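Below is one structure, written out as structure tokens, with a few remarks after it.
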Amino acid sequence: MKEDTIIALATPPGVGAISVLRISGPSSFILTDMLFRGNTKINDSPGYRIYYGDLVDSNENHIDDVLVSVFRAPNSYTGEDSVEISTHGNPLIAQKIIGEFLKLGKIRLAEPGEFTKRAFLNNKIDLSQAEAVADIIHARSEASLRGARNQLDGLLSKKVGKLRESLVNATSFVELELDFAEEDIEFVNTEELLKRIDEIIIEIDSLLETYNIGRVIRDGVNVALVGKPNVGKSSILNYFLKESRSIVSEIPGTTRDIIREEISIEGILFRLYDTAGLRDSDNPIEEEGIKRSREVLRNADIILFIEDTQQGIAQDLLEELMNISSGDKIIRVINKIDLVDKNNSDANVKISAKTGQGMNELLKILVQKAIGMEYYTEKTAIVTNLRHYSCLKKARESLLNARDSVIKKNSGEFISVDLRNASISLGEIIGEVTTDDILNNIFMKFCIGK
Ligand code: GDP
Ligand code: ZN
């Protein structure tokens with residue numbers, strides 16, 4: 001499998017200034033030489049060079065003039081011999097060239113993520129870094145880009161690697177003692193072992209805690225706007241968007257369909273949902289809207305509960321809301337304070353969607369709620385990936401079992417098995433322990449050519 005040579009279009013399959021084809025595998029150079037007409041043979045290149053020439057078909061017909069970048073193993077993305085061919089940016093040219101290569105045999109189309117998979121299999125990057133590559137490509141906000149960058153730089157890998165090291169250390173003491181069991185030699189001091197296990201648990205806990213912010217960074221935040229008709233939900237949404245897309249109307253109940261918009265504040269992606277309201281209704285269309293609103297509320301990370309300063313407190317709606325969702329998700333917003341500014345101490349923030357008063361304050365509260373008060377720097381390892389989160393959870397579980405066995409003075413064998421399991425779970429994060437299933441699952445999600 002590692003022996004064959006693969007080809008794929010690496011750039012989007014549309015019209016652009018250039019298209020780039022990527023070829024990787026042992027026959028990359030020889031195959032390229034069969035179709036490339038330049039001053040030098042690619043196979044003679046020392047690597048890290050770019051060559052200009054013609055790309056021809058099997059009848060020596062000129063297809064396009066191209067640039068060929070040469071990467072010699074192991075100094076390439078995949079760790080194998082590979083070339084990148086830049087053509088004029090017409091997808092027909094790229095398709096034609098790929099077709100000519102396939103005709104040569106000894107080369108096939110790459111599967112999704114196969115280049116990155118090879119990079120992993122050739123130890124150019126570990127598994128969490130390979131996943132970061134996918135995240136970087138799909139990142140939709142600056143914060144999510146930074147998070148993925150952080151992971152690709154290996155911050156998580158290093159941290160997990162260190163934890164595994166201390167685990168292996170602890171395990172070897174326990175197992176050494178097992179080997180000398182008859183002689184009744186004590187290599188492990190129970191106190192010492194407990195202290196070590198606890199230290200690792202604490203480290204894992206602090207990593208697990210970063211998942212909250214990690215998820216926000218990676219996936220963005222769902223924000224639902226809730227309030228009685230006419231309190232100004234659409235106006236607030238529109239203010240955020242700085243362009244009127246949803247209908248702002250004087251007639252209550254016009255927002256029947258859920259309107260969803262995405263905005264970026266301080267680099268974080270916020271998905272805003274304008275809900276139809278929660279009132280019971282006999283109107284089937286409205287009923288559908290209400291059903292959807294409830295769905296949105298259940299999935300919301302943050303709820304903007306909006307009240308109109310003129311209409312006063314919407315206690316009934318607030319109570320209904322509390323039944324669906326937890327109180328700490330709710331930000332209470334009083335709107336239309338340009339009309340009257342009642343002294344309302346229940347509100348978290350008072351605004352006017354009309355004049356913009358208080359809107360900056362609202363944005364600040366949103367960001368704070370999204371990332372919590374937790375702080376992270378570019379140097380902190382953060383968990384942004386559910387798979388990593390689950391592995392850490394499993395490791396924690398095993399460590400708690402080990403801890404239990406130590407306290408109960410169970411046989412060292414139990415302790416050692418649990419410590420080993422914890423180590424395996426950590427190893428799965430960086431791919432030191434892996435299965436075909438895990439790998440296929442991860443690389444399936446990549447695009448072809450990556
Ligand atoms: P929704 O039903 O909650 O979506 O409310 P809309 O956004 O459609 O607003 C209802 C009415 O209130 C419209 O006429 C808006 O122009 C008006 N409105 C919204 N926000 C404000 C505000 O801050 N001040 C004033 N004076 N009017 C507002
Ligand atoms: Zn509305």
Side-chain angles (χ1 to χ4, degrees), residues 221-263 265 270-325 329-367 369:
V221 194
N222 293 331
V223 182
L225 284 79
V226 191
K228 296 216 160 163
N230 254 359
V231 294
K233 297 183 291 295
S234 307
S235 308
I236 293 168
L237 192 75
N238 285 338
Y239 185 92
F240 282 146
L241 292 173
K242 291 269 173 26
E243 53 164 295
S244 296
R245 273 231 249 157
S246 62
I247 321 150
V248 180
S249 144
E250 306 272 354
I251 310 156
T254 41
T255 316
R256 287 212 187 93
D257 281 316
I258 307 289
I259 291 170
R260 178 188 138 158
E261 300 288 356
E262 294 185 344
I263 57 169
I265 312 169
F270 286 87
R271 249 173 261 107
L272 304 173
Y273 296 85
D274 184 353
T275 62
L278 301 170
R279 302 171 299 152
D280 286 326
S281 166
D282 295 332
N283 183 329
I285 301 173
E286 268 189 34
E287 189 121 42
E288 184 54 34
I290 289 160
K291 233 173 83 188
R292 270 187 252 170
S293 296
R294 288 177 177 271
E295 174 88 23
V296 166
L297 284 172
R298 271 189 292 271
N299 293 326
D301 302 301
I302 298 175
I303 295 171
L304 290 186
F305 181 66
I306 299 149
E307 290 164 297
D308 181 331
T309 183
Q310 288 179 303
Q311 287 180 26
I313 303 296
Q315 195 59 37
D316 48 337
L317 184 57
L318 185 61
E319 271 162 25
E320 233 182 306
L321 195 56
M322 295 292 234
N323 286 334
I324 307 174
S325 150
K329 285 186 181 175
I330 299 173
I331 299 174
R332 290 187 68 171
V333 182
I334 303 277
N335 188 31
K336 308 195 188 181
I337 51 160
D338 56 297
L339 297 178
V340 234
D341 185 0
K342 285 194 195 146
N343 198 10
N344 189 324
S345 52
D346 284 339
N348 297 103
V349 58
K350 296 196 240 175
I351 59 161
S352 165
K354 192 171 186 179
T355 66
Q357 202 180 333
M359 286 308 249
N360 280 339
E361 171 80 14
L362 176 57
L363 289 181
K364 230 193 279 166
I365 293 175
L366 264 177
V367 172
K369 196 119 189 145

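Counting starts at 1 for both ligands and their atoms, following the listed order. Predicted, not measured: the structure shown is a model, and the values here were computed from it.
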query: Taking side chain as C-beta onward, heavy atoms only, is L304 less than 4.5 Å from V223?
result: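 Answer yes - side chains close enough.
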
- prompt: Do the non-hydrogen side-chain atoms of V349 and E361 ever get within less than 4.5 Å of each other?
  reply: yes

task: Taking only heavy atoms of D338 into account, list the atoms of ligand 1 that are under 4.0 Å away from them.
output: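 Those of ligand 1 that fall under 4.0 Å from D338 are 22 (C), 23 (O), 24 (N), 25 (C), 26 (N).
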
Taking both backbone and side-chain atoms of [X], is any N or O found less than 3.5 Å from an N or O belonging to ligand 1?
{"X": "A353", "result": "yes"}
{"X": "G232", "result": "yes"}
{"X": "K336", "result": "yes"}

field: Nearest-option assignment for atom 1 (P) of ligand 1, heavy atoms, candidates K354, K233, K228
entry: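 The option holding the nearest heavy atom is K233.
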
message: Between D274 and K233, does any NZ, NE, NH1 or NH2 come within less than 4.0 Å of an OD or OE carboxylate oxygen?
response: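 Salt bridge flag = no for D274 with K233.
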
- request: For ligand 1, indicate whether the residue N335 contacts it via side chain, backbone, both or neither (heavy-atom separation under 4.0 Å).
  value: side chain

- prompt: Is it the side chain, the backbone, both or neither of L339 that has a heavy atom closer than 4.0 Å to ligand 1?
  reply: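 The side chain, only.
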
task: Measure the CG-CG distance between L366 and L272 for me, rounded to the nearest 0.5 Å.
output: 7.5 Å

task: For the residue pair R271 and N222, confirm or rule out a side-chain donor-acceptor distance under 3.5 Å.
output: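 There is such a pair (donor and acceptor under 3.5 Å, judged by atom type) between the side chains of R271 and N222.
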
